[in-house]
Chemist: 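Please read through the structure below; I'll follow up with questions.
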Amino acid sequence: MNRGGGSPSAAANYMLCTNCRKVLRKDKRIRVSQPLTRGPSAFIPEKEVVQANTGDERTNFLVEEYSTSGRLDNITQVMSLHTQYLESFLRSQFYMLRMDGPLPLPHRHYIAIMAAARHQCSYLINMHVDEFLKTGGIAEWLNGLEYVPQRLKNLNEINKLLAHRPWLITKEHIQKLVKTGENNWSLPELVHAVVLLAHYHALASFVFGSGINPERDPEISNGFRLISVNNFCVCDLANDNNIENASLTGNNFGIVDSLSELEALMERMKRLQEEREDEEASQEEMTTRFEKEKKDSLFVVSGDTFHSFPHSDFEDDMIITSDVSRYIEDPGFGYEDFARRGEEHLPTFRAQDYTWENHGFSLVNRLYSDIGHLLDEKFRMVYSLTYNTMATHEDVDTTTLHRALFNYVHCMFGIRYDDYDYGEVNQLLERSLKVYIKTVTCYPERTTKRMYDSYWRQFKHSEKVHVNLLLMEARMQAELLYALRAITRHLT
């Protein structure tokens, strides 16, 4: 049913949402009324985002200087809750899309479309269909992959693996792309493409994790109808029991009252700090804790009692419309837990053996001049960004929390830091937050407002946006580490 095929009787079980054209099961009995949310995000009250942008000359300057669309789009509005980070983000994205580089401009936007399509992110697809045509792209390519040159089509495999299972990328995948012949890729071109793919996979995580709404008036570009939806719309909110104003009490999720939840988290952070000063775990114990966390991540989301629906029901709703599937092959290929049940001796990526700082940065900078500096600044910015506050508390050192979030994402992708105690992840990230992190990072198109609302209920929306920025950058770095390690092995 992925491509809209199947028997007539099976098709009778589905319908299109009249508002967003998303394929839905009829037995869900959805009642769609007026839109429940306005503004740039379906998850964040419009006034909070508007307040951040009102009179913010810095944001306006950044948009004028670095926006490729030339306007303040919904992603930029939500990111502007963190102006310092926004600058790093817009500068690096502008460089990838507009500045001198190995790839022609239209190809860059088409690669962005291919990357976004892996997560059915119609928001990003629409944006880059428009940009593709504005930069002189051949309109026929928008009919699907069979209309593009073979060398672009050859990116399918690495796009698929990077998006869902980057640990499977080997030097053989690189060799296949750069082998001699008319459709080969030079290494600089391939690095540019890989950076774009990783960037847009991760950005799709941000779009879904932050509930970015479709732009108000999607344009029709050169006669091409843009996909008129993001993957959630009012039908998702209706399907999620109209939870826009629902009171998320402890009874709903078996979570303690949100205020005591905050106090408990503060207490755990303080205790971890003290324990770290008192004693250091042995290397064997650290390894054991990583393996435990890696295996525990298997049980997050799948069959989780947190959801009001079983995991298997996801597949019923994840029908990919032809608008999206034309840009990808093998639409059924998705994230698979790195630590699958019953497997021993899993190939862990030891971060010390191939780090961004010592290996990835110099390789990417050598093959695609200056992008390494821009990415490095962005990674450092999101990691160190702090206002020393947590909800209502001030003068709080949030470093341990940032590290737990970043390292948990890498853990799900099989990347281990020898000097990090993974016991901290379990103590700092409660279950509903882990469900949210895994969904946003591994299958962002399944993110719901209920998941977003369920964790850190005492925190400001800007703090949750910061979480999404951390998840996005951790994911991008994980993808780059696997791809760049494979390129390094190809070169040696």
Side-chain angles (χ1 to χ4, degrees), residues 1-6 22-23 103 106-129 132 137-179 181-185 189-205 207-208 224 226-227 229 231 314-336 413 442-446 475 479 482-483 486:
M1 194 69 190
N2 270 335
R3 289 182 178 271
K22 182 179 176 184
V23 184
L103 294 174
H107 287 218
R108 303 179 195 193
H109 294 291
Y110 202 86
I111 289 166
I113 292 167
M114 289 172 68
R118 285 300 336 167
H119 287 305
Q120 305 157 53
C121 188
S122 47
Y123 179 95
L124 291 174
I125 293 171
N126 286 344
M127 181 181 279
H128 288 282
V129 160
F132 172 76
I138 297 166
E140 190 185 21
W141 292 11
L142 299 175
N143 290 326
L145 287 177
E146 59 266 40
Y147 296 89
V148 304
Q150 185 61 43
R151 68 195 300 272
L152 265 179
K153 217 182 292 186
N154 289 347
L155 282 180
N156 263 314
E157 185 72 7
I158 204 161
N159 181 25
K160 178 175 88 171
L161 294 178
L162 264 181
H164 307 296
R165 304 176 207 169
W167 53 88
L168 296 179
I169 293 174
T170 64
K171 68 177 182 183
E172 284 73 27
H173 291 111
I174 307 303
Q175 282 162 356
K176 205 170 164 186
L177 286 163
V178 299
K179 69 178 190 302
E182 57 179 329
N183 298 316
N184 71 304
W185 288 74
E189 287 174 328
L190 183 57
V191 166
H192 193 170
V194 160
V195 168
L196 283 165
L197 291 171
H199 176 77
Y200 281 100
H201 296 151
L203 190 54
S205 285
V207 167
F208 286 116
F224 271 85
L226 299 185
I227 306 169
V229 299
N231 263 50
F314 276 133
E315 279 64 41
D316 292 336
D317 292 332
M318 287 297 124
I319 294 160
I320 302 177
T321 63
S322 60
D323 280 334
V324 174
S325 65
R326 69 177 74 165
Y327 298 119
I328 53 171
E329 286 178 358
D330 197 0
F333 187 92
Y335 174 82
E336 193 173 81
F413 285 99
C442 304
Y443 6 72
E445 60 277 10
R446 298 176 182 174
R475 177 182 178 177
E479 288 190 25
Y482 278 111

Chemist: For the atom pair CG (Leu168) and CD (Glu336), what is the distance rounded to the nearest 0.5 Å?
Modeler: 8.0 Å
Chemist: Which value, rounded to the nearest 0.5 Å, describes the distance between Leu155 atom CG and Leu177 atom CG?
Modeler: 6.5 Å
Chemist: Can you find a heavy atom in the side chain of Arg151 that is under 4.5 Å from one in the side chain of Glu189?
Modeler: yes
Chemist: Do Tyr110 and Tyr327 make a side-chain contact, defined as non-hydrogen atoms from C-beta onward lying under 4.5 Å apart?
Modeler: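 Result yes, sub-4.5 Å side-chain heavy-atom pair found.
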Chemist: Using side chain to side chain donor-acceptor pair (under 3.5 Å) as the criterion, list what pairs up with Glu182, not counting sequence neighbours.
Modeler: none
Chemist: For Arg475, give me all partners under salt bridge (charged side-chain N to carboxylate O under 4.0 Å, His left out), at least two apart in sequence or on another chain.
Modeler: Glu479
Chemist: Would you give the length of the straight line joining atom CG of Leu190 to atom NE2 of His173, rounded to the nearest 0.5 angstrom?
Modeler: 12.0 Å
Chemist: Going by salt bridge (charged side-chain N to carboxylate O under 4.0 Å, His left out), name the residues that satisfy it together with Glu157, two or more places apart in sequence or in a different chain.
Modeler: Lys160
Chemist: Nearest 0.5 Å, please: how far is NE2 in His192 from CG in Leu197?
Modeler: 10.5 Å
Chemist: Say you draw a straight line from CG of Leu124 to CG of Leu203; how long is it, rounded to the nearest 0.5 Å?
Modeler: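 Separation between the atoms: 5.0 Å.
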Chemist: Do the side chains of His201 and Asn159 get nearer than 4.5 Å, heavy atoms only?
Modeler: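 Answer yes - side chains close enough.
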Chemist: Could you state the interatomic distance from CZ (Phe132) to NE2 (His107), rounded to the nearest 0.5 Å?
Modeler: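 Between Phe132 CZ and His107 NE2, I get 7.5 Å after rounding to 0.5 Å.
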Chemist: Do the non-hydrogen side-chain atoms of Leu142 and Ile113 ever get within less than 4.5 Å of each other?
Modeler: yes
Chemist: Any side-chain heavy-atom pair from Trp141 and Leu152 closer than 4.5 angstrom?
Modeler: yes
Chemist: Taking the side chain as every heavy atom from C-beta outward, state whether Trp185 and Leu103 have any atom pair closer than 4.5 Å.
Modeler: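 Heavy-atom side-chain distance check passes, below 4.5 Å.
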Chemist: Taking the side chain as C-beta and beyond, is there a heavy-atom pair between Leu161 and Phe333 under 4.5 Å?
Modeler: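 Yes - at least one pair of side-chain heavy atoms lies under 4.5 Å apart.
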Chemist: Does Arg446 form a side chain to side chain contact (heavy atoms under 4.5 Å, CB included) with His119? I'd like the steps, not just the answer.
Modeler: CA-CA 9 Å; Arg446 298 176 182 174; His119 287 305; over 6 Å; no
Chemist: Do the side chains of Leu162 and Arg118 get nearer than 4.5 Å, heavy atoms only?
Modeler: no
